[in-house]
> 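One structure is given below, represented as structure tokens, and several questions about it will come after.
Sequence positions, counted from 1, serve as the residue numbers for this chain.
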Amino acid sequence: MSIIEKAINKLEKEIGNKAAKAYGRSKTRMKSDKERMRAPTSKKEDMPLNAVVSNKLANEAANTNYIDIDLGRLNQLGIVTPTQGKTQIAEQFRIIKRPLLTKAFAKKNNNLIMITSALQGEGKSFCSVNLAMSIASEMDHRVLLIDTDVARPSIPNLLGFKSQAGLMDILLGEINDVGDVLIKTNVEKLSLITVGTAHSHATELLASQTMAMLLEELAQRYNDRIVIFDAPPILLTSEARVLAERMGQIVLVVEAERTTQQALNHVISQLDSSKANINLIYNKVRTFAGGEYYGYYYS
């Protein structure tokens, strides 16, 4: 046999061995693939119960509305925060909240507190957020802040987040579960509900049986919860008067050197039919040091 023939035979033998090995690997892969196909797939019902529960909780957490409030920004705006030290404004709102908390659970629905004013711009939303933040620092209470100023909602702007579905959407039947509009925050004991979609019949919606049932749920679901409503000005809209009928306590913000005695008398006369306790915050009083003072008077 010539040298060339020997070389060809050797090459054919090597190619044949490589092909056989490749074929063997191919058969092994096919077998493995078939075995995987025959193997039962992992189903939710086959998972351990603790794994199913963990997955459910993880999904619920992922679907929960949450905002991270910039507490440093609030401090700059003069708003009380849990991380803030002992400041003048923090001390003032400690004084303001104490009588409200004392009465909160003495009578049914007394934990429903409406903050309002005679006119726009007297500081009601500022006081609402400060009061909510101050109550959120309590050991024994949690607080839910609800924006009900349909015409001019201020809570999202003050706390630095975009408005979303809220109270009006529940009353319109667009959302069925209050949990779907409840916003958790990085302040552990503070939750929020925005006013939601504006509506021309907001007064009628707030006066509806749906609203009455919602208030009942909010007031009774947690025995330590304080619910604060940032309401529209009494003399500018009818919504606040409707809300007042269902509140346990009302806080009226009065701006020093601006709110007239006539306006104040008019507001109180509008609230006379309400069975709620009426309290006053005398806001923006200038002190000798040039700061502002938040006086509190209640009846």
Side-chain angles (χ1 to χ4, degrees), residues 64-101 104 113-117 120-149 152-164 166 182-195 224-233 251-259 279-297:
T64 299
N65 294 329
Y66 176 86
I67 62 166
D68 197 355
I69 300 172
D70 186 343
L71 301 181
R73 172 179 168 272
L74 293 192
N75 283 337
Q76 292 177 353
L77 294 175
I79 294 175
V80 176
T81 62
T83 57
Q84 195 175 32
K86 191 172 183 179
T87 63
Q88 182 183 17
I89 190 170
E91 285 302 300
Q92 289 300 325
F93 277 95
R94 284 189 177 102
I95 295 170
I96 288 170
K97 72 179 176 180
R98 195 53 53 198
L100 297 171
L101 293 177
I113 303 173
M114 184 179 89
I115 314 294
T116 187
S117 59
Q120 197 72 41
E122 296 184 272
K124 66 173 184 61
S125 296
F126 183 79
C127 289
S128 294
V129 173
N130 268 305
L131 183 59
M133 283 288 184
S134 186
I135 293 175
S137 67
E138 289 285 314
M139 299 294 104
D140 302 321
H141 298 292
R142 70 183 76 189
V143 60
L144 172 61
L145 175 59
I146 303 179
D147 195 342
T148 58
D149 195 340
R152 296 184 64 177
S154 300
I155 301 302
N157 185 50
L158 273 173
L159 296 182
F161 69 98
K162 292 182 179 179
S163 187
Q164 51 190 275
L182 192 71
I183 304 170
K184 299 289 186 179
T185 74
N186 54 319
V187 178
E188 183 183 358
K189 294 185 178 181
L190 172 67
S191 299
L192 312 167
I193 294 179
T194 68
V195 72
D224 62 345
R225 175 188 273 173
I226 306 296
V227 188
I228 296 176
F229 298 81
D230 181 39
V251 175
L252 180 60
V253 178
V254 178
E255 183 176 351
E257 301 178 14
R258 182 188 173 196
T259 307
N279 314 271
L280 303 181
I281 293 179
Y282 198 43
N283 189 22
K284 301 182 184 179
V285 180
R286 298 294 173 181
T287 65
F288 64 87
E292 292 184 347
Y293 174 79
Y294 297 82
Y296 179 78
Y297 305 88

> Are the side chains of I226 and K97 in touch, meaning some heavy atoms are under 4.5 Å apart?
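No. Closest side-chain heavy atoms not under 4.5 Å.
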
> List for me each residue that meets salt bridge (charged side-chain N to carboxylate O under 4.0 Å, His left out) alongside R94, sequence neighbours excluded, and say none if there are none.
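Expected list: E91.
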
> Is any side-chain heavy atom of T116 closer than 4.5 Å to a side-chain heavy atom of L252?
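They are in contact (side-chain heavy atoms under 4.5 Å apart), so the answer is yes.
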
> Could you pull out the closest heavy-atom pair between P99 and I95, with the gap in Å?
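Scanning both residues, the minimum pair turns out to be CD-O, 3.2 Å.
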
> Are S125 and I115 packed together at the side-chain level, in the sense that at least one heavy-atom pair is separated by less than 4.5 angstrom?
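No, every pair of side-chain atoms sits at 4.5 Å or beyond.
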
> Sequence neighbours excluded, which residues qualify as side-chain hydrogen bond (donor to acceptor under 3.5 Å, both in side chains) partners of D140?
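With sequence neighbours excluded, D140 shows a side-chain hydrogen bond (donor to acceptor under 3.5 Å, both in side chains) to no residue whatsoever.
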
> Quick check against the 3.5 Å criterion: does T194 have a side-chain atom that pairs as donor or acceptor with the backbone of Q164?
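Yes; judged by distance alone, with no hydrogens or angles, the pair exists.
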
> Quick one: are I281 and L131 in side-chain contact, heavy atoms under 4.5 Å?
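A side-chain contact is absent here, since even the closest heavy-atom pair is not under 4.5 Å.
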
> Would you compute the distance between atom CD of Q92 and atom CG of N283 and round it to the nearest 0.5 angstrom?
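Between Q92 CD and N283 CG, I get 10.5 Å after rounding to 0.5 Å.
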
> Would you indicate whether the side-chain heavy atoms of S154 and F126 approach each other to under 4.5 Å?
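A side-chain contact is absent here, since even the closest heavy-atom pair is not under 4.5 Å.
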
> Quick check: do L71 and V187 have side-chain heavy atoms less than 4.5 Å from each other?
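L71 reaches V187 side chain to side chain.
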
> side-chain contact (heavy atoms from CB on, under 4.5 Å), that's the test. Do N65 and L182 meet it? Break it down for me.
CA-CA 7 Å; N65 294 329; L182 192 71; over 6 Å; no

> Say you draw a straight line from CG of D147 to CZ of F229; how long is it, rounded to the nearest 0.5 Å?
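One finds 11.5 Å between CG of D147 and CZ of F229.
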
> Out of curiosity, L74 CG to L158 CG, how far, rounded to the nearest 0.5 Å?
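If I round to the nearest 0.5 Å, the distance is 8.0 Å.
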
> Rounded to the nearest 0.5 Å, what separates atom CD1 in I79 from atom OG in S128?
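So the gap between those two atoms works out to 10.5 Å.
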
> Looking only at atom types and distance, does a side-chain atom of R152 sit under 3.5 Å from a main-chain N or O of Q120, one as donor and one as acceptor?
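Answer holds: no.
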
> Minimum heavy-atom separation for L190 and A132, please, with both atom names.
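Looking at all heavy atoms of both residues, the shortest contact is CD1-CB, 4.1 Å.
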
> Do the side chain of N130 and the main chain of V80 share a donor and acceptor less than 3.5 angstrom apart?
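Present.
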
> Would you check if D149 and V195 make a side-chain contact, meaning some heavy-atom pair closer than 4.5 Å?
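They are not in contact (no side-chain heavy atoms under 4.5 Å apart), so the answer is no.
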
> For a quick test of reading the model, state the closest non-hydrogen atom pair linking A231 to T148 and the distance between them.
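Reported closest heavy-atom pair: CA-OG1, 3.2 Å.
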
> Got a sec, which residues hit side-chain contact (heavy atoms from CB on, under 4.5 Å) with R142, two or more places apart in sequence or on another chain?
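With sequence neighbours excluded, R142 shows a side-chain contact (heavy atoms from CB on, under 4.5 Å) to K189, Y222, D224, R225, given in chain and number order.
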
> Would you say the side chain of F161 lies within less than 4.5 Å of the side chain of D68, judging by non-hydrogen atoms?
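Answer no - side chains too far apart.
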
> Between F93 and C127, which heavy-atom pair has the shortest distance, and what is it?
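Nearest heavy atoms, F93 then C127: CE2-O, 3.8 Å.
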
> Which heavy atom of I69 sits nearest to which heavy atom of M133, and what is that distance?
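Minimum heavy-atom separation between I69 and M133: CD1-CE, 4.2 Å.
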
> Atom CG in L144, atom CD1 in I135: separation rounded to 0.5 Å?
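Going from CG on L144 over to CD1 on I135, the span is 11.0 Å.
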
> Working to the nearest 0.5 Å, report the span between CG of L192 and CG of L159.
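Here the interatomic distance stands at 6.0 Å.
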
> Which atom pair, heavy atoms only, marks the closest approach of I89 to G78?
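I89 and G78 have their closest heavy atoms at CD1-O, 2.8 Å.
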
> For side-chain contact (heavy atoms from CB on, under 4.5 Å), just list the numbers for I155 and V129, CA-CA rounded to whole Å, side-chain angles, deciding distance to a tenth of an Å, and then say yes or no.
CA-CA 8 Å; I155 301 302; V129 173; 3.7 Å; yes

